[in-house]
Amino acid sequence: MTHHEHGQGEVVTAGPAGKLVVPDRPIVLFIEGDGTGADIWRATRPVLDAAVAKAYGGAKQIFWQEVLAGEKAFKTSRSYLPVETLAALREYRVALKGPLTTPIGGGFRSLNVTLRQVLDLYACIRPVRYYAGVPSPMKEPEKIDMVIFRENTEDLYAGIEWSANSPESQRLINFLNHEMGCTIEMSAAIGIKPMTERCSKRLIRMALKYAIKQQRPAVTLMHKGNIMKYTEGAFQTWGYEVAAELSDGVISEAELMTAYHGKRPAGKVVLNDRLADNLFQQVLLRPSEYHVIATPNLNGDYISDALAAQVGGLGMAPGANIGDNCAIFEATHGSAPKYAGLDKVNPSSLILSGAMLLEYLGWDDAAQHIHQSLPRTLKDRIATYDLARLLPGAKEVSCSEFGQALIDHM
């Protein structure tokens, strides 16, 4: 048995031009997660396996292999993120991850952030769409169908900051005031926002290539470049430079108006940009005009949660952190330790992240079974407690029963 076979499973590899080579029996790693992670994983795995079986008979099958991170890892190896886990993620390339609790005190700002940085998972991808039957505060939530590409490695999330009145912040303020002509109060706290052309462009390129492949009409750069001219403003500039590189498939909004008189030519993606504050208005007032959003880290954090709220909250929000060599699909909610082991919470976030994973493997037919079965299940008023209390006449079921209901509705 070679290093690259496992039972009957095979490793997902990268072929020419970084394209994934996916065997029919791929090994996919899973990290169960802390708190409710075990409950959610137990509900999720059968749903994903059933979707694959339904789509391909026995022709394709996922071989799941567990790797440890978080509290489960700490119990066995005294490390929250063992070296073996990182090595496996690099080798096997694709993983599904439950929620991880950030250990209090000691070493880690956040396990999730550490994973992103160590594996260079530079794009946080959050699709937001409405599933019929989910309670929503919006009158027409079905108009929302967007995918957010959020830069994951720099901007304010790089965490470069110093507290007010610390020797470091005062030293920096002294330098800025005396050498750079600033006038900053000595008692200020200071945060630094680094943004590079390299990181901005690779994120925007991934968003544009996704839009071309998925035949989405437009990509919107979300930025605050009118105020932060050299960081957010540069993000906007760099975005249009990437569009020029990809001119086979992409035109700018300006070109759309001048060369094409406002009519988008078939097969072209339009790149436009909107100021962050304005885009928050637009996704409420004119959601059907927005499709893919590419944005620096902090904006992306806000807009993805705000959009998730419009379609029914974080319990329904899948996500992924993807780089050039590795992709980790994850539940976007926390680990909710008080519900651990109660088989109670909604597993939809992880299940939908699993559907994203299937699409990443190129197994769209299997993913479709999940996307179609969710509204059917809700239409039958079957829901976990979080949705059941908002749905008149709903039958409240457990986490695992909800997973089984999804399988029954495929």
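All values below were derived from every heavy atom in this structure, side-chain atoms included, with hydrogens, water molecules and symmetry-related copies excluded.
D343 has no carboxylate O lying under 4.0 Å from a charged side-chain N of R42, or vice versa, which leaves the two without a salt bridge. Between E154 and K193, none of the side-chain N atoms (NZ, or NE/NH1/NH2) sits under 4.0 Å from a carboxylate O, so this pair counts as no salt bridge.
Donor-acceptor pairing under 3.5 Å is recorded for the side chains of Y122 and D324.
At distances below 3.5 Å, not a single donor-acceptor pair connects side-chain atoms of R198 with backbone N or O atoms of R202. Formation of a donor-acceptor pair under 3.5 Å by the T332 side chain with backbone atoms of A317 is found in this model. Within the 3.5 Å criterion, the main-chain N or O of E253 finds no donor-acceptor partner in the side chain of N272. Listed for the N346 side chain is no donor-acceptor partner under 3.5 Å among the backbone atoms of T384. Formation of a donor-acceptor pair under 3.5 Å by the R381 side chain with backbone atoms of K395 is not found in this model. Side-chain N or O atoms of N321 include none that pairs as donor or acceptor with a backbone N or O of I328 at under 3.5 Å. For the pair S169 (side chain) and I190 (backbone), a donor-acceptor distance under 3.5 Å is absent.
Considering only residues two or more places apart in sequence or on other chains, E185 meets the side chain to side chain donor-acceptor pair (under 3.5 Å) condition with S187.
Closest approach of A243 and L271 over heavy atoms only: CB-CD2, 3.6 Å. Closest approach of M316 and V134 over heavy atoms only: CE-CG2, 3.9 Å.
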Derivation of the side chain to side chain contact (heavy atoms under 4.5 Å, CB included) call for S353 and E330: CA-CA 6 Å; S353 298; E330 62 182 3; 5.6 Å; no
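Ring pair F235/Y240: centre-to-centre distance not below 6.0 Å.
Judged as a ring pair (Phe, Tyr, Trp, His ring centres under 6.0 Å), the pairs with a partner in residues 277-330 (not counting sequence neighbours) are, in order, F329-Y360.
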Under 3.5 Å, side-chain donor or acceptor atoms of residues 55-62 against the rest of the protein: list the pairs with distances, not counting sequence neighbours.
unit_1: K60; atom_1: NZ; unit_2: D24; atom_2: OD1; d: 3.1

